[in-house]
Structure formats: C-alpha cells, structure tokens
Amino acid sequence: RHVHVTREQAMALFGHALTPERPLSQPGQFLSRERVTVKGPKGEFQNVAVLGPERKAGQVEISLTDCRRLGLSAPVRLSGDIVGTPGALLLGPRGTVQLREGVIVARRHVHLTPEAAERFGVAHGQTVRLRTFTDRPLIFEDVAVRVSPDFAPYAHLDFDEANACLCQSGDKGELLYRGYPIEQLAKECNFMETCYLLLKGELPTKEQYDEYVRSIANYSMVHEQMQF
C-alpha cells in the first residue's frame with residue numbers, strides 16, 4: 001500500500017515537499033522519507049509509504065484486503081483514474097488532508113518502453129496475461145500494458161496478488177497472449193499464423209495453416225469481370 005500527494009498536500013501534511021529516500025523501479029520515481037496514516041470509516045493504517053514525485057492529484061493505492069479493514073469499497077483502476085472513487089483521511093505530523101476521492105485497488109499492469117513493446121508485439125492499452133516464475137506459479141489475466149519512454153520494463157502486482165503467487169521483488173515472469181509467450185509469437189510466427197490465432201484462439205497445425213492460407217487466397221481473388 002502507498003500514497004501519492006500533490007505539492008500542496010505535502011506542505012499541509014509535512015510542512016515541506018517530499019524528500020527522496022531511495023529510487024524505485026521506474027525512472028524518476030522514489031520512496032520518500034515521509035509517512036502518513038490512512039484512515040477510513042472502520043479502521044486505519046499507520047506508517048504508510050508516500051511515493052514521489054508529487055502528483056497533480058492525491059491517491060491511495062491499497063489491496064482488497066486493506067479495503068475491508070478501512071471499511072471502503074474501492075474499485076480496481078489504473079493509477080490516475082480516480083473519478084468516482086471513495087476518499088480517505090490522510091494524517092501527517094503537521095496536519096491532515098481529506099481526500100474526497102482517490103482510493104483505488106491498482107489494476108495489475110506491466111510497464112514497457114516503446115522498444116520493449118515493439119519487441120513483444122504489444123501496444124499501449126492492450127490486455128495480456130502474465131505467468132509468474134515463482135514457488136507458487138500463477139497466470140494472471142487482464143494485465144494492462146502501459147507503454148512510455150519514461151518507463152522501465154516491470155510488472156506490477158498488488159500485495160494480495162503477490163502473496164497469492166509468492167512473488168517477491170525481482171522475480172521473473174512472462175507475458176502471454178492466448179496462452180502463448182508473446183516474445184515467441186513476435187519472433188517465430190508470421191502474419192497468417194497470427195491471424196489464425198486471433199480468429200481460432202490457438203496456433204494452427206501445418207495442415208490447418210495450409211488450408212487457412214488456401215481459403216484466404218480464394219477469397220482474395222478478383223473476379224475476371226472486375227479486371228481492367
């Protein structure tokens with residue numbers, strides 16, 4: 001669980017801007033030295049990490065288990081998508097901030113650079129699967145792909161999800177599409193094989209591939225009366 005705050009909120013909570021403690025996996029982002037208490041209708045969490053740099057809007061990212069303790073019903077959202085979400089009270093050493101909205105359960109996602117996305121054959125906003133190589137391996141569905149030159153390639157799971165597969169920081173995983181490793185599809189499959197996968201949900205056998213290519217060729221033929 002962690003919190004994002006604006007510059008104004010940082011001043012209200014701590015009396016100063018956020019002070020970096022150590023860098024995070026994404027370039028330019030850091031764990032700050034500051035901590036807050038997050039309070040909901042039924043409970044609170046103390047000593048919650050605040051991540052920097054400051055943002056345009058305050059946000060609290062927690063797990064579904066955390067929601068029960070706080071007494072909140074937070075939706076699963078990508079970071080920054082906070083319209084219509086519940087709020088919470090933030091308590092710092094210098095003051096408090098009441099968030100009217102901003103509490104979410106972070107949707108599982110993967111950060112990629114444009115170069116990595118091109119290598120894997122995926123695009124920003126696409127949804128893929130993620131297979132974890134852990135002591136309790138799992139395949140996570142509905143993993144959002146986020147692409148930016150400011151990113152470093154990392155997958156992000158919340159606390160509940162990481163516990164479910166015994167995932168720790170630095171563990172490796174593999175992106176899947178229709179159950180196939182995306183990097184394998186990008187390197188080894190041609191256009192027609194990929195089209196068959198999109199239509200049928202699986203890669204074709206040699207016989208299926210040959211029949212599929214013949215059928216496409218038949219449909220692509222131009223009637224002689226339409227030739228000039």
Side-chain angles (χ1 to χ4, degrees), residues 25-27 29 61 64 75-84 104-158 160-228:
S25 61
Q26 295 306 308
Q29 299 185 17
E61 297 187 27
L64 288 171
V76 177
R77 299 275 186 90
L78 287 173
S79 182
D81 183 10
I82 62 173
V83 175
I104 66 169
V105 176
R107 180 182 173 187
R108 63 185 76 106
H109 59 280
V110 58
H111 287 153
L112 295 175
T113 62
E115 294 78 15
E118 182 177 2
R119 186 173 80 249
F120 292 138
V122 296
H124 181 78
Q126 188 174 343
T127 298
V128 296
R129 295 176 178 175
L130 173 67
R131 175 160 53 201
T132 63
F133 298 136
T134 58
D135 290 337
R136 186 188 287 170
L138 286 177
I139 295 178
F140 289 101
E141 305 279 349
D142 193 36
V143 180
V145 176
R146 310 192 75 178
V147 180
S148 169
D150 297 328
F151 289 159
Y154 276 93
H156 289 255
L157 304 173
D158 75 8
D160 287 348
E161 294 165 336
N163 279 342
C165 65
L166 300 182
C167 182
Q168 299 181 15
S169 179
D171 285 342
K172 297 186 181 300
E174 183 176 54
L175 298 181
L176 306 175
Y177 183 77
R178 298 291 182 98
Y180 297 93
I182 284 181
E183 194 165 15
Q184 172 191 334
L185 297 176
K187 289 181 177 179
E188 301 177 8
C189 294
N190 62 31
F191 177 76
M192 297 299 287
E193 289 172 320
T194 303
C195 290
Y196 189 96
L197 174 63
L198 292 172
L199 289 171
K200 305 292 187 178
E202 61 182 4
L203 289 174
T205 64
K206 184 180 184 307
E207 292 76 16
Q208 291 171 330
Y209 177 79
D210 292 341
E211 176 60 28
Y212 181 67
V213 171
R214 283 195 296 269
S215 67
I216 295 297
N218 289 335
Y219 281 112
S220 63
M221 296 178 63
V222 179
H223 194 280
E224 62 180 9
Q225 293 181 357
M226 298 186 64
Q227 297 179 6
F228 295 96

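The backbone N or O of L78 lies less than 3.5 Å from no partner atom in the side chain of D81, so there is not a single donor-acceptor pair. T134 contributes no side-chain N or O that, together with a main-chain N or O of L166, makes up a donor-acceptor pair within less than 3.5 Å. Side-chain atoms of Y180 come within 3.5 Å of backbone N or O of L203 as a donor-acceptor pair. The backbone N or O of E115 lies less than 3.5 Å from no partner atom in the side chain of E118, so there is not a single donor-acceptor pair. Distance alone, capped at 3.5 Å, places no donor-acceptor pair between the R131 side chain and the P137 backbone. For the pair E174 (side chain) and L130 (backbone), a donor-acceptor distance under 3.5 Å is absent. Between the side chain of E211 and the main chain of Q208, no donor-acceptor pair closer than 3.5 Å is present.
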For T132 and D171: C-alpha separation, side-chain torsions, deciding distance, then whether side chain to side chain contact (heavy atoms under 4.5 Å, CB included) applies. CA-CA 8 Å; T132 63; D171 285 342; over 6 Å; no
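Between M192 and I216, the shortest heavy-atom contact is CE-CG1, 3.6 Å.
Using cut-offs of 30° and 60° on the angle between ring planes, the pair H111 and F151 is parallel.
Between R214 and D210 there is no salt bridge, since none of the side-chain N atoms of the basic residue sits less than 4.0 Å from a carboxylate O of the acidic one.
A salt bridge (charged side-chain N to carboxylate O under 4.0 Å, His left out) with D142 is found for exactly one of R107, R108, R129, namely R107.
In Y212, the OH atom is crowded: over 12 heavy atoms of neighbouring residues, nucleotides or ligands sit closer than 6.0 Å. Within 6.0 Å of CG in N190 there are more than 12 heavy atoms belonging to other residues, nucleotides or ligands.
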